[in-house]
Amino acid sequence: MATILDGKALSKDLKIALADKVKESGLSPKLAVVFDPKNDGSRLYVGMKQRAAAKVGIATEDIAVADDVTTEAVLKIVADLNADPSVTGILVQAPLPEAVNDQQVFSAIAPEKDVDGLGAFNQGMLFGDQPGEYAVAATPQGVMTMLKHYDIDPYGKKAVVVGRSQLFGRPMAALLNNANATVTLAHRYTPREMLLDSLKDADIVVVGVGIANFITGDQIKDGAVLVDVGMNVVDGKTTGDIEFVSAEKKASFITPVPGGVGPMTIATLLENTFAAALNQEKNQ
Ligand SMILES: NC(=O)C1=CN([C@@H]2O[C@H](COP(=O)(O)OP(=O)(O)OC[C@H]3O[C@@H](n4cnc5c(N)ncnc54)[C@H](OP(=O)(O)O)[C@@H]3O)[C@@H](O)[C@H]2O)C=CC1
Ligand SMILES: Nc1nc(=O)c2c([nH]1)NC[C@@H]1CN(c3ccc(C(=O)N[C@@H](CCC(=O)O)C(=O)O)cc3)C=[N+]21
């Protein structure tokens, strides 16, 4: 039976510690959130992020964009937020409406305010293994925090990341690579046999594709560490990409969904937002 990687409990502890740090700092961090209010997921997650921010003493400002918004209009919003000294962090919740080039918008965020780490500069620093003060995407960074908390060191391990989005898979592979794992990055065009072959001897498997029960217990090595980033709704219930019941019998550690990676994403975003405010104060 696997040990549960309890992201919910860990994120609570992180948020309690963070609330103290925010208070002690005397700073007033403010996170601006640009999002599409017509997108159900965005409304849900933005609401969760805002409530969590309020609890640790981070103010938020909502900027809902219209259906027919253009990339240029969003770039203008971001430029104004970059120039506003009261805003210490900017989050552009993906996806924005169809016509908007999300990547161009992420990359327009001033690197020191890019608390979601999705802009070209921050990603480049991560890729060069020198993120330093520049935030890294909250989901993969939260996964690393969780592994560290449970003393799981990727050094010398074989890691398989399934899914290669800007938000999750690419930065996840970079972080594991920076931590000296040997990383396979699988995606839609990875032949099934090739994927199954890499899973067979993987020490750490991190999956985020958005397909319920995509990975099953019979596909993984005994004692593997399994991290499930996927969020799917099946029969009204939130479930991940890993078939939990069969996988937990073989894994050494496994994240539940809900209660695993999701809460860590939110806690990490808040940590990144506070760190950005501190750095802006220091660099003034
Ligand atoms: N818990 C959390 O904090 C978060 C959860 N999520 C969840 O994680 C999942 C992925 O999100 P996100 O990365 O944003 O989604 P995207 O849709 O941007 O990316 C999905 C990725 O999965 C890959 N993929 C799709 N089908 C297959 C397949 N059959 N075999 C292998 N790879 C496949 C795609 O490959 P290709 O690139 O080739 O198209 C792509 O790289 C979703 O369920 C989302 O809700 C996302 C972010 C945060
Ligand atoms: N720029 C940007 N940054 C993001 O980080 C980002 C984004 N865009 N777009 C969408 C995805 C999705 N995402 C989640 C955050 C928290 C939970 C979360 O807290 N989930 C809870 C449960 C939620 C439920 O039950 O529905 C859990 O897993 O326990 C999930 C998903 C961040 N995303």
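Hydrogens, waters and symmetry mates are skipped; everything else that's a heavy atom, side chains included, is used. Note that ligands are numbered from 1 as they come in the structure, with each ligand's atoms numbered from 1 the same way.
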Indicate, as side chain, backbone, both or neither, the part of Ala138 found under 4.0 angstrom from ligand 2 when only non-hydrogen atoms are considered. neither
Please confirm whether Gly259 comes within less than 3.5 Å of ligand 2 when only nitrogen or oxygen atoms on both sides are compared. yes
Is Arg164 in polar range of ligand 1, meaning some N or O pair under 3.5 Å apart? yes
Do the numbers put Arg188 on top of the ring of Phe214, so that NZ or CZ is under 6.0 Å from the six-membered ring centre and no more than 45° off the axis? no
Less than 4.0 Å is my threshold; does some heavy atom of Lys49 fall inside it relative to ligand 2? yes
What part of Leu167, side chain from CB on, backbone N/CA/C/O, both or neither, has a heavy atom under 4.0 Å from ligand 1? side chain
Touching ligand 2 at all, Val257? Heavy atoms, strictly under 4.0 Å? no
Do protein heavy atoms approach atom 8 (O) of ligand 1 to less than 4.0 Å? yes
Under a 4.0 Å heavy-atom limit, does Leu118 contact ligand 2 with its side chain, its backbone, both, or neither? side chain
With heavy atoms and a 4.0 Å threshold, my read on which part of Thr139 contacts ligand 1 is side chain
For the 3.5 Å polar cut-off, considering only N or O atoms, please tell me whether Met231 and ligand 1 meet it. yes
Do Tyr45 and ligand 1 have an N or O pair less than 3.5 Å apart? no
Does the residue Gly230 have a heavy-atom contact with ligand 1, meaning some pair of atoms that are separated by less than 4.0 Å? yes
Examine the side chains of Asp241 and Asn213 and answer whether a donor and an acceptor come within less than 3.5 Å of each other. no
If you measure every N or O of Asp241 against every N or O of ligand 1, does any of those distances drop under 3.5 Å? no
